[in-house]
Every structure is written in structure tokens, then in C-alpha cells.
Amino acid sequence: MVGMTKRRKLIVGNWKLHGSIAGNQQLLQQLRLNLQALDAVDFALCLPYVYLFQGQQLLAGSNILWGSQNVSQYDEGAYTSCISAAMIAEFGCSYVIVGHSERRLLRLDSYDIIATKLLRALASGLTPIYCVGETQQERDAGMAEEVIQQQLLNMLNALDDDALERAKSLNIVVAYEPVWAIGSGQHASPQQAQLMHVLIRQLIATRDHALAQQVRILYGGSLTADNAHDMLSMHDIDGGLLGRSSLDAQAFTKVALIANALAHGE
Ligand code: PEP
């Protein structure tokens, strides 16, 4: 374990390819209401690009920040359909998910592309949520730690001294999301996740001790109200990245309440 710093928990929703203008309005208004009194936890929702404007309209002034689920590796130019970090920042976004396994595995985002996206996000003042996670096959082959290490080193090696300072001031976030746990209903055990989170923190400490202390490492993968207490009680699990549970106001609120109660020592 690297130090005993107390980090404020962060609960993030990843809507993926879900939403509609009418449905979002209900969900966002309900969440705004439900979470308004929760003072000990940070919240964010990562929306499809086309709903960032709506998110900004409905969440501004609340205790829920918002962000995107991806960003282009390009700044501008003839790149049809790409959305740049500067464009995302114009919608008041605070966060951007970088390297989600659904991008890595389904859209073939390479290590190089992910590293470039990370830097683009930082340069535009967005806090990256940098995702790492092993597949079932990699875990079965005993390679889980090695894979996480490679993915983490990809992040650390991309950061020159300036970018590292930016990563610190923007409070970069890492999400450990075992691919086998995403959307499967089969979450990692709290102990399994804790071990990985410690490994991630130790790897970051080899580059920068202060960053390792402050970085929030979220767990993602079938995190629900049923397992949130056990998962979020672990010392190095600083919050959660929720897919399915972020699409339902009640489900997200239940996790938020658990995180807030834990933060208050209840
Ligand atoms: C995710 O894909 O980021 C995720 C955590 O999904 P789920 O919560 O649905 O497993």
C-alpha cells in the first residue's frame, strides 16, 4: 500500500450507446434531485457526444459533473466524424474516458492512439479517466498483472514532465475494469480488485509518488448497489465506474448513497 492518503470518492456513470432526449431529461433531473444532498462524494456522468449540450443545460450548477466517453486523437482537420478534446471542452465537460475496453477491443484503439488521446484531453483541460483491465483469457493465462502493467506504463510513458504536471493538477483518474466483469453481472471480488488497485498505485509511484497518493482509482465492472458497499470499503478503491447501473436513477442513487455513507464513516 502506498501511503494512507484519504481520497474523496468519485462515482462516474458511463452511458455508452444509450439515451434519448426525452429519457435523458427525466434521468438527469431525477439524479440532480437525488444526489443534491450528498456532500462527501464527487459525481460525474459520461454521455454520448450528442447529449453533451443537454447534459450541460441540465446539470450546470448541480453537484454532478459531466464528460464524454471518448475523444479523437486529432486536433482538427479532415477527419470525418471525429470529435476533438477542444470541442468537448466547449460543452463544459470535466472528464473524458480514455481507453475503455470497448474502444480498445471493438474499435481497435491501439496503445499509441490511447496515449495520444490522453495527451489531447490533458491539453484541453479535461480530466482523463484512463481505463485498464485484463480479459478473461489473459487472467486465465496468469497474465492479468502483466497486462495491467503494460496498460499503465502506456499512460505513464506518454506523460512528459509538463503533461505529468497537468495530470496532477487535473487530478487524472484511473479505472480498473476487468473486461470479464463488464456487463457480465460477475464483478471482481473486493480482494481481487484491491490487489489490482494497489498494483496500479505502486506502478504510478515508481514515476511520481505524489500522483500515486492523489490519483483516484475507480473499480468498474458490474458494480451495483448489491456489491458497492464491499467494493467501496476497500482502501484503494476510490470510487466506481458504472455502466448499466448508471442508466437507472434508482440504481445509480443507491450506489451514490452507499458511497456517501462510507465517506461519512457510516
Ligand atoms: C463499463 O463498461 O464501464 C462498465 C463498468 O459497465 P457495467 O457497469 O455495465 O459492467
Side-chain angles (χ1 to χ4, degrees), residues 9-19 23 27 31 41-49 51 55 64-71 93-109 114 117-118 121 126-136 138-139 144 147-148 151-152 155 172-190 192-194 196-197 200 216-232 234 236-259:
K9 289 204 190 301
L10 169 65
I11 305 293
V12 181
N14 172 16
W15 282 9
K16 309 192 187 191
L17 207 172
H18 295 285
L27 179 53
L31 285 175
V41 175
D42 293 333
F43 301 107
L45 296 172
C46 291
L47 311 176
Y49 292 132
Y51 299 134
I64 308 172
L65 299 175
W66 59 96
S68 70
Q69 303 165 16
N70 186 28
V71 61
C93 289
S94 299
Y95 291 100
V96 52
I97 296 175
V98 174
H100 190 282
S101 60
E102 285 156 14
R103 294 288 319 173
R104 283 191 268 125
L105 302 173
L106 304 177
R107 307 300 304 163
L108 304 184
D109 275 8
I114 291 168
K117 290 180 174 193
L118 173 80
L126 299 165
T127 298
I129 300 174
Y130 185 88
C131 298
V132 299
E134 80 285 0
T135 62
Q136 183 69 62
E138 289 162 342
R139 176 161 281 268
V147 169
I148 300 307
Q151 293 170 343
L152 234 287
M155 175 185 106
I172 192 170
V173 175
V174 173
Y176 170 57
E177 297 207 299
V179 179
W180 47 270
I182 293 179
S184 66
Q186 183 201 352
H187 64 93
S189 73
Q192 258 175 345
Q194 166 66 15
M196 276 305 193
H197 285 223
I200 290 167
R216 290 186 285 190
I217 306 175
L218 312 183
Y219 169 79
S222 300
L223 188 63
T224 66
D226 291 337
N227 54 49
H229 182 274
D230 290 349
M231 298 299 284
L232 299 176
M234 303 308 285
D236 286 274
I237 301 185
D238 304 312
L241 182 52
L242 283 67
R244 187 173 297 269
S245 301
S246 70
L247 298 173
D248 175 80
Q250 242 199 329
F252 194 82
T253 301
K254 280 185 187 167
V255 175
L257 284 165
I258 291 167

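Each ligand, and each atom within it, is numbered from 1 in the order the structure gives.
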Please indicate whether L17 has more than 12 foreign heavy atoms, meaning atoms of other residues, nucleotides or ligands, lying under 6.0 Å from its CG.
no
Using a strict threshold of under 4.0 Å (side-chain N to carboxylate O), is an ion pair present between R103 and D109?
yes
R244 atom CZ, over 12 foreign heavy atoms within 6.0 Å:
no
Are there any N/O pairs under 3.5 Å between ligand 1 and the protein, and if so, what are their distances?
{"residue": "ligand 1", "atom": "2 (O)", "partner": "K16", "partner atom": "NZ", "Å": "2.5"}
{"residue": "ligand 1", "atom": "2 (O)", "partner": "H100", "partner atom": "NE2", "Å": "2.8"}
{"residue": "ligand 1", "atom": "3 (O)", "partner": "H100", "partner atom": "NE2", "Å": "3.0"}
{"residue": "ligand 1", "atom": "3 (O)", "partner": "E177", "partner atom": "OE1", "Å": "3.2"}
{"residue": "ligand 1", "atom": "3 (O)", "partner": "E177", "partner atom": "OE2", "Å": "2.7"}
{"residue": "ligand 1", "atom": "6 (O)", "partner": "K16", "partner atom": "NZ", "Å": "3.4"}
{"residue": "ligand 1", "atom": "8 (O)", "partner": "G243", "partner atom": "N", "Å": "2.8"}
{"residue": "ligand 1", "atom": "9 (O)", "partner": "R244", "partner atom": "N", "Å": "2.9"}
{"residue": "ligand 1", "atom": "10 (O)", "partner": "G183", "partner atom": "N", "Å": "2.7"}
{"residue": "ligand 1", "atom": "10 (O)", "partner": "S222", "partner atom": "N", "Å": "2.8"}

Among H197, E134, Q194, side chain to side chain donor-acceptor pair (under 3.5 Å) partner for Y176
E134
Side-chain donor-acceptor contact under 3.5 Å, H100 with Q69
no
Looking only at non-hydrogen atoms, find the nearest pair between I97 and L241 and report the distance.
CD1-CD1, 4.3 Å
